[in-house]
Amino acid sequence: MNTAKRIYTVDFRISGEGVKPEQISSDLGLVPSQTRYAGEPKGKVGFFTDGLWAYAISNEKLGRNEWWSLEEGLSSALKALTEKRESILAYAKRFDVYWWCGQFQSSFGGGFTLSADLLRDLSSFGVELRLETYWSDG
């Protein structure tokens, strides 16, 4: 019996030098899940050089930003942000704009599948996708 767990998170992020989170929130009409300003302490080892504005895509069934399927999380993200695409692409001219996905897993091996339709929709949205993988024992 395979008891391995795999959970995904999906954020939409804008980062870079000169990012002003309050301006992005105002322009997009969204409340960010995370913000950061250049010069803020980075733990005990320095300072962030770039600002960050992040919007977590919440799973309505779970009430938090966790998904059992990366496909479902990204599909929900696209639905939530498609009407804001033009404003988002204006930011992409000056900043790093991307889908940030976390994969948290309790075993090695396995992965995920993304449908051709989702890949097409992500491509037409016009920003890159980043996937970070993490070990999680719970």
Between the side chains of Glu40 and Lys42, is the shortest nitrogen-to-carboxylate-oxygen separation below 4.0 Å, so that they form an ion pair?
no
Quick one: does Thr9's side chain get under 4.5 Å of Phe104's, heavy atoms only?
yes
Applying the side-chain contact (heavy atoms from CB on, under 4.5 Å) test to Phe125, which of Leu122, Val127, Leu129 qualifies?
Val127
Would you call Arg13-Glu128 a salt bridge at under 4.0 Å N-O?
no
Could you check whether any side-chain heavy atom of Leu118 comes within less than 4.5 Å of a side-chain heavy atom of Ser75, counting everything from C-beta outward?
yes
Within-4.5 Å side-chain heavy-atom neighbours: Leu89 and Arg85
yes
If we ignore hydrogens and angles and just use 3.5 Å, is the side chain of Ser25 paired with the main-chain N or O of Pro21 as donor and acceptor?
yes
Is any side-chain heavy atom of Phe12 closer than 4.5 Å to one of Ile88?
yes
Is Tyr37 reachable from Leu30 through a run of I, L, V, M, F, W or Y residues, each pair having side-chain heavy atoms under 4.5 Å apart?
no
Side-chain donor-acceptor pair present, Ser115, Glu71, cut-off under 3.5 Å:
yes
Distance (rounded to the nearest 0.5 Å) between Ser76 OG and Glu72 CD:
5.5 Å
If the test is side-chain contact (heavy atoms from CB on, under 4.5 Å), which one of Trp100, Phe112, Trp99 qualifies with Leu131?
Phe112
Would you say the side chains of Trp53 and Ser15 form a donor-acceptor pair under 3.5 Å?
no
Can we say Asp96 and Arg130 salt-bridge, meaning some charged N sits less than 4.0 Å from an Asp/Glu carboxylate O?
yes
Is Tyr91 close to Val19 at the side-chain level, that is, under 4.5 Å between some pair of heavy atoms?
no
Which heavy atom of Ile57 sits nearest a heavy atom of Trp67, and at what distance?
O-NE1, 3.3 Å
Please say yes or no: joined through hydrophobic side-chain contacts below 4.5 Å, possibly via intermediate residues, are Leu52 and Phe48 part of one cluster?
no
Rounded to the nearest 0.5 Å, what separation is found between the OG1 atom of Thr35 and the CD1 atom of Ile14?
12.5 Å
After noting the C-alpha distance and the side-chain angles of Asp11 and Asn65, does the key distance pass the side-chain hydrogen bond (donor to acceptor under 3.5 Å, both in side chains) rule?
CA-CA 8 Å; Asp11 289 3; Asn65 182 20; 2.9 Å; yes
May I have the step-by-step check of side-chain contact (heavy atoms from CB on, under 4.5 Å) for Leu28 and Ser87, ending in yes or no?
CA-CA 7 Å; Leu28 299 181; Ser87 297; 3.6 Å; yes
I would like to know whether Glu86 and Lys84 meet salt bridge (charged side-chain N to carboxylate O under 4.0 Å, His left out); could you show each step before the answer?
CA-CA 6 Å; Glu86 292 307 314; Lys84 313 234 182 241; over 6 Å; no
Check the side chains of Gln105 and Tyr8 for a donor-acceptor pair under 3.5 angstrom, ignoring hydrogens and angles.
no
Do other residues, nucleotides or ligands put more than 12 heavy atoms under 6.0 Å from the CD atom of Glu17?
no
What closest approach, in Å, do Val10 and Cys101 show between heavy atoms, and which atom pair accounts for it?
CG2-SG, 4.3 Å
Just wondering, do Arg6 and Gln103 contact through their side chains at under 4.5 Å, heavy atoms?
yes
Taking the basic N atoms (NZ, or NE/NH1/NH2) and the acidic carboxylate oxygens, is any pair closer than 4.0 Å for Glu66 and Arg64?
yes
Please confirm whether the backbone N or O of Leu78 pairs with a side-chain atom of Thr82, one donor and one acceptor, at under 3.5 Å?
yes
